[in-house]
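Let me begin by presenting the structure, written as structure tokens, before commenting on it.
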Amino acid sequence: MHIHLTAEDRQQIEAELRARRDVLEGQRSRHLDGVSRAEHARELLLQDGDDAPQRDVDRAVDFARTDRDAVALAEIDMALERLAAGQYGLCTDCGSAIAPARLKLAPQVLRCVACASLLERGRPKPATL
Ligand SMILES: [Zn+2]
């Protein structure tokens, strides 16, 4: 199965994906302030103060946020690859066409609604840090 996209469609989708990617990249580098994740963690750990419990929470939230950004970036990259390979718009799990309305809302999605909700339900609770 494959989805027919005109050159114009492809260009538009690619532009949309790249725009989203830029936003995410910007957020991520601003958030980490240019330092690597490990350095960032070290800085947080070395911070003085008697608010240790709060700091732990902050740290967990911090990691969760950068993880989510990293996943979102990887998703967009994959969507771009699939676009180049002519597989854009097909579910990576079952191979059926993803609803156009869903792609319009979130051009980076890789799975159809059915597979996405299956994954969502089967996913283990994120481990608390
Ligand atoms: Zn599917």
Side-chain angles (χ1 to χ4, degrees):
M1 199 195 270
H2 89 273
I3 288 184
H4 180 73
L5 293 171
T6 64
E8 206 178 319
D9 288 338
R10 247 207 304 275
Q11 257 170 24
Q12 205 176 342
I13 294 163
E14 190 177 337
E16 173 75 16
L17 285 169
R18 291 202 186 280
R20 282 173 187 246
R21 201 181 187 289
D22 283 352
V23 171
L24 271 173
E25 283 276 30
Q27 269 173 9
R28 212 155 100 96
S29 50
R30 256 200 314 282
H31 180 66
L32 289 182
D33 211 13
V35 294
S36 79
R37 188 172 151 145
E39 281 168 335
H40 186 61
R42 220 172 93 85
E43 264 172 38
L44 286 172
L45 287 171
L46 291 175
Q47 268 167 18
D48 281 325
D50 45 13
D51 56 344
Q54 180 56 38
R55 220 161 58 224
D56 281 350
V57 171
D58 286 350
R59 195 157 47 100
V61 168
D62 229 46
F63 276 168
R65 188 160 46 210
T66 47
D67 276 352
R68 221 175 24 242
D69 286 352
V71 168
L73 271 173
E75 209 175 38
I76 290 175
D77 282 343
M78 244 177 109
L80 281 166
E81 275 171 33
R82 291 178 69 78
L83 189 65
Q87 293 168 321
Y88 181 80
L90 297 177
C91 175
T92 52
D93 284 5
C94 70
S96 59
I98 300 170
R102 178 168 165 80
L103 287 171
K104 206 167 195 123
L105 214 67
Q108 78 281 13
V109 292
L110 302 170
R111 291 179 181 83
C112 69
V113 178
C115 291
S117 62
L118 229 120
L119 192 76
E120 206 59 50
R121 246 176 297 151
R123 183 178 289 166
K125 258 180 143 70
T128 33
L129 288 163

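Quick caveat, the model's predicted, so the values are computed rather than measured. Just follow the structure's listing: the first ligand is 1, and inside any ligand the first atom is 1.
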Spatial distance of atom CG (Asp22) from atom CD1 (Ile76) [nearest 0.5 Å] = 9.0 Å
request  = Enter the distance from Ile13:CD1 to Glu16:CD here, rounded to the nearest 0.5 Å.
outcome  = 9.5 Å
message = Please check this pair: side chain of Asp77 against backbone of Ala74, looking for a donor-acceptor N/O pair closer than 3.5 Å.
response = no
request  = For the Zn ion (ligand 1), check which protein N, O or S atoms are under 2.8 Å away and list them.
outcome  = Cys91 SG, Cys94 SG, Cys112 SG, Cys115 SG
query = So does Arg10 pair up with Glu14, basic N to acidic O under 4.0 Å?
reply = no
remark   = Looking only at heavy atoms, the pair that brings Thr92 and Met78 closest together is CG2-CE, 4.4 Å
Under 3.5 Å, which donor-acceptor pairs link side chains of residues 103-114 to any protein atom two or more places apart or in another chain?
{"from": "Arg111", "atom 1": "NE", "to": "Asp93", "atom 2": "OD1", "distance (Å)": "3.2"}
{"from": "Arg111", "atom 1": "NE", "to": "Asp93", "atom 2": "OD2", "distance (Å)": "2.9"}

